[in-house]
Amino acid sequence: MSDDTSTGEETAAQPETLSRTERLEQEGDIAADYLEELLDIADLDGDLDMDVEGDRAAVSIVGADLSQLVGRNGEVLEALQELTRLAVYRETGERSRLMLDISGYRAARREALEKLAAETAAMVKESGEPVALDPMSPFERKVVHDAIAEAGLKSESEGVEPRRHVVVLPA
Amino acid sequence: MLTDALEHLVRGIVDHPDDVTVRDKQLRRGSILEVRVHPEDLGKVIGRGGRTATAIRTVIGALAGKNGARVDFVDVDRRR
């Protein structure tokens, strides 16, 4: 049948767009180049690790002492992530949601926040009263919202940056 | 080192990386790092609500250590 030719054409055609995973891996590579050169210039030792976590590219830098790149409350880490996303955007033309971690800061922070969320959820369930948490970065609020949802409660963000914070609501 | 780091950070996010230059201007009250970019890129390095400029200053400030560093953004058309 004449329609059969379409199959041949599809296999012959070059894939114009990369698969999702390939795109995220490409994001990780661009980010790693940008960060590696910065470490080089600043004479800082660090190993880069690239991964794809869910629907995001993830890059982590592990090194002897990179605390200056994390900063107080992770503010330098957030700034560096922002710039890295822009560097990826410049190359790909696509907005990036890449996650950067340095010396396991985010991983440790996530663990502490999940614990806080679980404790707060238990408190709210018992009292039936909403509880407002301290101001947090967008990343931190996301971790808390997810953990609260997991505990079967709802939460909202209130206030404006840099005072934006999570409020845990009773069921 | 700061000059190179700043130049690298900015070059990576603009459309005209070859037009990026950083000058360490010595003033009586400390130094200031002056970043010159292509006029079309000035908005890009400043960002929405100054967000990108703040991020650049935060990273450079962290690398500068306790003495800190001042960073100023201008476009190449401005007279020296």
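Chain letters run A, B, ... following the sequence lines, proteins first and then strands; every chain starts at 1. It should be emphasised that the depicted structure is a prediction, and the values quoted were computed from it without experimental measurement.
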Where on B:Leu2 is there a heavy atom nearer than 4.5 Å to chain A: the side chain, the backbone, both, or neither? neither

Nearest 0.5 Å please: distance from the CG atom of A:Leu86 over to the OG1 atom of B:Thr52. 5.0 Å

For atom CG of A:Asp55, decide whether the heavy atoms of other residues, nucleotides or ligands shown that lie under 6.0 angstrom number more than 12. yes

Highest number of heavy-atom pairs under 4.5 Å with chain A among B:Gly65, B:Gly47, B:Gly12 belongs to B:Gly12

Membership question, hydrophobic clusters at under 4.5 Å side-chain separation (ILVMFWY): are A:Val59 and A:Met99 in the same one? no

In Å, rounded to the nearest 0.5 Å, how long is the span from OG1 of B:Thr54 to CD of A:Glu78? 13.5 Å

Heavy-atom pair with the smallest gap, counting every atom of B:Ala55 and A:Ala79: O-CB, 3.6 Å

Residue A:Ile30 versus chain B: region with a heavy atom under 4.5 Å: neither

Counting neighbours of CD on A:Glu158 that are heavy atoms of other residues, nucleotides or ligands and sit closer than 6.0 Å, is the number greater than 12? yes

Find the distance between CD1 (A:Ile41) and CG (B:Leu6) and round it off to the nearest 0.5 Å. 10.0 Å

Does a side-chain heavy-atom distance below 4.5 Å link A:Val76 with B:Leu63? no

To the closest 0.5 Å, what do you measure between CD (A:Glu91) and CD1 (B:Ile13)? 12.5 Å

Using every non-hydrogen atom in the two residues, find where A:Arg90 and B:Pro17 come nearest and quote the distance to one decimal. NH1-CG, 3.9 Å

Given B:His8, B:Met1, B:Arg57, B:Lys44, the one with more heavy-atom pairs under 4.5 angstrom with chain A than any other is B:His8

B:Gln26 atom CD, over 12 foreign heavy atoms within 6.0 Å: yes

Between B:Arg51 and chain A, with a heavy-atom cut-off of 4.5 Å, which part of the residue counts as in contact: side chain, backbone, both or neither? side chain

Cluster check A:Phe139, A:Leu24: I/L/V/M/F/W/Y, side chain < 4.5 angstrom: no

Give, as side chain, backbone, both or neither, the part of A:Gln68 having an atom under 4.5 angstrom from any heavy atom of chain B. both

Report, as yes or no, whether the 6.0 Å neighbourhood of atom CG on A:Asp45 holds more than 12 heavy atoms from other residues, nucleotides or ligands. no

Atom pair CG (B:Leu9) and OH (A:Tyr34), whose distance is rounded to the nearest 0.5 Å: 4.0 Å

Single-linkage hydrophobic cluster B:Val45~A:Tyr89, side-chain heavy atoms < 4.5 angstrom: no

Less than 4.5 Å to any heavy atom of chain B: does that hold for the side chain of A:Leu44, its backbone, both, or neither? side chain

Are A:Leu77 and A:Leu113 connected in a single hydrophobic cluster, I mean Ile/Leu/Val/Met/Phe/Trp/Tyr linked by side-chain heavy atoms less than 4.5 Å apart? no

Can you get from B:Val14 to B:Val22 by hopping between Ile, Leu, Val, Met, Phe, Trp and Tyr side chains that sit under 4.5 Å apart? yes

More than 12 non-hydrogen atoms from neighbouring residues, nucleotides or ligands closer than 6.0 Å to CD on A:Glu150, yes or no? no

